[in-house]
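Only this structure's heavy atoms are used, side chains among them; waters, hydrogens and symmetry mates stay out. Numbers restart at 1 for each chain; the letters A, B, ... are given by sequence-line order, proteins then strands.
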Amino acid sequence: MAYDFKEIEKKWGGKFVGFAGFKAQDFESKPKKYVLQEFPYPSGSGLHVGHAFSMTGADIYARYMRMNGFNVMFPMGWDAFGLPTENYAIKMGVKPQSITKENTEKYKAQMNRLGFSFDWDREVDTTDPGYYKWTQWIFTKLFEKGLAHKEEMAINWCPKDKIGLANEEVIDGRCERCGTETERRIISQWVVKITAYADRLLEGLKDTNFIEKVKAAQTNWIDKKIGANIRFEIKDSEEKLEVFTTRPDTLEGVTFMVIAPEHKLVKELLENEEVKKYVNEAKKKSEMERAELGKEKTGVFSGLYAINPVTKKEIPVWIADYVLVSYGTGAIMAVPSHDERDEAFASKYSLPINRDYVPDMKMMDLIVEKGVGEESVNYHLRDWIFSRQHYWGEPIPMVYCENDGWVAVPEEQLPVRLPEVEKYQPTDTGESPLASITEWVETECPKCGGSAKRETDTMPNWAGSDWYFLRYCDPKNEDALADMEKMRYWLPVDVYMGGDEHNTLHLLYSRFIYQFLWDLGVVPKEYPEPYIKRMSHGVILGADGNRMSKSVGNVIIPDKVADIYGTDVLRTYMMFMGPFDATMAWNERSLVGVKRFLEKFQRLVEESKDKYVVTSAEGMRTIHHLVKGVGEDIAEFKYNTAIAKIMEAVNDLTKNKMELAKTELLMMVKVLAPFAPFVAEELWSILGGEFSVHVSEWPKFEEKYLVSEIVTLSVQINGKLRGTVEVSPEASEEEVKKVAEEQEKVQKYLAEGKVIKVIYVKGKTINFVLTA
RNA sequence: GCCGAGAUGGCGGAAUGGUAUACGCUCAGGUCUCAAAAACCUGUGGGAGCAAUCCCGUGAGGGUUCGAUCCCCUCUCUCGGCACCA
């Protein structure tokens, strides 16, 4: 009988969408399981294989947990603010709102086709005013708590996208989105003090069960360094030069000082032509040029001398751009004998190198005693530039009043809705398109009632995705982010499935916002961290082994594969390709193997369904083994081996013509169900099961069926395999030894020496150790 | 440079101290067919041999062990992340 996937998908697909069995029930007495899959940005090109892969993995887990009696929440939504939509809107002259609607509908249809068991009642959309009201509310709280302020600063500016970028969004000096080289611009920007939470973010990792690489990525990003700030006096001046160092013990080895070209001391030295020239050149250099590795260091002597607070030696102060103004104090004490960079600089400019001293751990005490410095901590983590000069984002809910300065829009006036505009184009001046809508900008100060102006910047993409998992707990709440009791029931997220690319930024921002909300007392006190486990899925490469890209033409469209092979084959194949977290190349041919397998499975069920009343003993063993193995594998996301086990069982049953009664056939179908939901439902129905197999109880294996009467042991002589014996699993050493020694081949090898030791491992091996 | 992951047949990959290569692909042979495709069955790490069988074999080298893909040390390479961060 042919496998008509189109008919089966049509028949059951309609019933799956909106099926009550997939809905999460608040406060139900069953244990809860919150399975969170990163929500996508709904781009115009539709769902890609990466989405399909990750979501299938999450879906299998959610289905398995449901069948195991958990009240599962498996929601989905849209991270829909973003540049591509804005760009498309500009190009086509349409409203971003309507493009977003089109795209989300398309995504939703594709997800439903793939059979994902999302609870659509909890759908969220970051561009929905009912949602971004709370994104804005969070910002007003950050402002009230002194964690958000406006600052004039040099930012990374992308001349193509006309947008300010956070440091994290600049890769090798280029815009993360479009690859254009970024420029420096001075703009007044909202900055969020994530650094105030650096220690908490580091500490909190201990309460999570993230995989090692995720923890490492977060720790590295924060990169906490403990050292000392030391003040050096400047000769013939009242000024002091403060440096940060992790090696105060090398203070005696300091032979020169280096300050960044942007350092405040430099401003007074610009009369010196050489200094002026160097500083201007450094300013012109892009981030990329300055950060270029292996590049020869450059610098200029400032004319100043600092005095070593301990040795009292005079040492020259240099200006060089290998020292960054944004880290530490923007100045360093150079110890060429202990630092490669300092050494390279010293040898280029023929500066002295002191090799005749020994680093001294007591130096720190001396520094503190003399009052010239103290312990200090520095982080690589920088504060978070929160402003974007764009239309398609959450308006930052702030107004500027001549009397009161910056004032947050009060809760009852939220959301600050995005106004309809004629043009979405960003401006070259660096102002948001919102700035041109005078009637929107002109407003009233919430504090004094006087005239005031609205902030026209919008929030970065991350803002909406920081807290969406809270909203799923209570998506329609108009009075709070989400109801406290509902959050208390559903949180924390048990498994968060997503891509490696979000292991640093998104995860860190999201944890930070959660910790901030925790401090506000608006999320449950019991849970200091939002996510228990972070699972990062792998990457599917094109058939040529390269990353999928439109320009290369190696993109696999899940819809097209499903047209040819069916959804069940697509899902099962993706999970069978390799370990769930590995990087794997697409292989069209391997799809065929999965197709054959699902057909074979179906044939087996069809052929045995009315034939056997009782299952044979070996049939029982195969089935119970299967149930045990697949359950264990799914719980550990080892989907590739789970599928291999089902294949093995089907081969075994078919080849050895084992008999299966209906009960065991139903068990097999249940085990297949999370992977191939449509064909499983069909077979379930053929066997007389009631809709739906997906809410049926996961089968239980019984130990008594797992034990076999005979096991095969390896017989080793000096650790080398020389034969096998079949014995009872409970056989004694004497028995096994006797049976083994009866074998001609074993006798032959035993004759080569004298047995000095026998090692017997029950159920596994017997090893005869001979004299040399 | 630092951090993380890894290296197993022709290919994707299994095996967490006990029969290396499960499962799938590929390929070869067979069944069915007028024929082909599909499907199904059998075989498929390398070498020697008619065969029984033997030797070699999990990136390289060493170690621990009766026994190592697995544990320890040294090295090489690949992938991912971070990086003039003092």
> So, for A/His338 and A/Tyr357, is the gap between ring centers shorter than 6.0 Å?
Replying inline: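 Yes: the rings meet the under 6.0 Å criterion.
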
Each base of RNA chain B marked ( ) or [ ] if paired in-strand (Watson-Crick or G-U under 3.5 Å), | if paired to another strand and . if unpaired gives (((((((..(((.....[....))).(((((.......))))).((((....))))..(((((..]....))))))))))))....

Would one find a side-chain N or O of A/Lys757 under 4.0 angstrom from OP1 or OP2 of B/C66?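 Result: yes.
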
Can you tell me if the side-chain N/O atoms of A/Asn651 get under 4.0 Å from OP1 or OP2 in B/G24?
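Yes.
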
Say we look at [N] and [M]: how far apart would their [atom1] atoms be, to the nearest angstrom?
N: B/C2; M: B/G9; atom1: C1'; result: 36 Å
N: B/G30; M: B/U8; atom1: C1'; result: 32 Å
N: B/U21; M: B/C77; atom1: P; result: 32 Å
N: B/U26; M: B/C41; atom1: P; result: 14 Å
N: B/A68; M: B/G4; atom1: C1'; result: 25 Å
N: B/G6; M: B/C56; atom1: P; result: 30 Å
N: B/C34; M: B/C25; atom1: P; result: 28 Å
N: B/G63; M: B/G17; atom1: P; result: 23 Å

Listed by chain and number, what are the ring pair (Phe, Tyr, Trp, His ring centres under 6.0 Å) partners of [X], not counting sequence neighbours?
X: A/Phe580; answer: A/Phe53, A/Tyr639
X: A/Tyr197; answer: A/Phe512
X: A/His625; answer: none
X: A/Tyr349; answer: A/Trp318, A/Phe345

Once base and sugar-phosphate atoms are separated, protein heavy atoms under 4.0 Å mark nucleotides 38-55 of chain B, 5' to 3', with B, S and - as -SSSS-----------SS

| task | Kindly state each residue pair satisfying salt bridge (Lys or Arg N to Asp or Glu O under 4.0 Å) with at least one member in residues 623-649 of chain A, sequence neighbours excluded. | result |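 Pairs touching residues 623-649 of chain A that pass the test: A/Lys628-A/Glu632, A/Asp633-A/Lys645, A/Glu636-A/Lys638.
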
According to salt bridge (Lys or Arg N to Asp or Glu O under 4.0 Å), does anything in residues 711-725 of chain A pair up with another residue at least two apart or in another chain? List the pairs.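 Counting only pairs at least two positions apart or across chains, no salt bridge (Lys or Arg N to Asp or Glu O under 4.0 Å) contact touches residues 711-725 of chain A.
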
What are the two closest non-hydrogen atoms of A/Ile60 and A/Ile634, and how far apart are they?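 It is CG2-CG2, 4.1 Å.
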
Task: For the student: nearest non-hydrogen atoms of A/Phe232 and A/Ala306, plus distance - done: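 Distance-wise, the nearest heavy atoms are CB-CB, 4.1 Å.
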
*Can you list the residues that meet the side-chain hydrogen bond (donor to acceptor under 3.5 Å, both in side chains) rule with A/Ser54, with sequence neighbours excluded?*
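Once residues adjacent in sequence are excluded, the partners of A/Ser54 under the side-chain hydrogen bond (donor to acceptor under 3.5 Å, both in side chains) criterion are A/Gln37, A/His537.
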
inquiry  = The criterion is side-chain hydrogen bond (donor to acceptor under 3.5 Å, both in side chains); which residues satisfy it with A/Thr219, sequence neighbours excluded?
reply    =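 side-chain hydrogen bond (donor to acceptor under 3.5 Å, both in side chains) list for A/Thr219, sorted by chain: empty.
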
Between [atom2] on [N] and [atom1] on [X], what's the gap in Å once rounded to a whole number?
X: A/Phe210; N: B/G81; atom1: CZ; atom2: P; result: 20 Å
X: A/Trp221; N: B/C3; atom1: CH2; atom2: P; result: 18 Å
X: A/Asp339; N: B/A83; atom1: CG; atom2: C1'; result: 14 Å
X: A/Glu212; N: B/G81; atom1: CD; atom2: P; result: 18 Å
X: A/Leu381; N: B/C82; atom1: CG; atom2: P; result: 14 Å
X: A/Leu591; N: B/C23; atom1: CG; atom2: P; result: 20 Å
X: A/Lys213; N: B/G81; atom1: NZ; atom2: P; result: 10 Å
X: A/Asn587; N: B/C23; atom1: CG; atom2: C1'; result: 15 Å

Query raised in the report: With A/Asp223, which residues qualify under salt bridge (Lys or Arg N to Asp or Glu O under 4.0 Å), at least two apart?
Result: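 Per chain and number, A/Asp223 pairs via salt bridge (Lys or Arg N to Asp or Glu O under 4.0 Å) with A/Lys225.
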
A/Asp223 near the nucleic acid: base, sugar-phosphate alone, or nothing, with a heavy-atom cut-off under 4.0 Å?
->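 Contact class for A/Asp223: sugar-phosphate only.
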
* To do: Could you check whether A/Ala216 gets within reach of a base, just the sugar-phosphate, or nothing at all, counting any heavy atom under 4.0 Å?
  =>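 Answer is sugar-phosphate: A/Ala216 comes under 4.0 Å of backbone atoms only.
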
Listing time: all N or O pairs from protein to nucleotides 13-19 of chain B that are below 3.5 Å?
residue	atom	partner	partner atom	Å
B/A14	OP1	A/Asn640	ND2	2.8
B/G18	N2	A/Gln716	OE1	3.1
B/G18	N2	A/Asn767	ND2	3.4

Mind telling me if B/G9 is syn or anti? Syn here is a glycosidic angle within 90° of 0.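 For B/G9, whose glycosidic angle is within 90° of 0, the conformation is syn.
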
Return whichever of A/Gly593 or A/Ala585 has its heavy-atom-nearest nucleotide of RNA chain B closer to the 5' end.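 Of the two residues, A/Ala585 wins.
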
Tell me whether the NZ or CZ atom of A/Arg534 lies within the 45° cone about the ring axis of A/Phe210 and under 6.0 Å from its centre.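 No - A/Arg534 does not lie over the ring of A/Phe210 by the 6.0 Å and 45° rule.
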
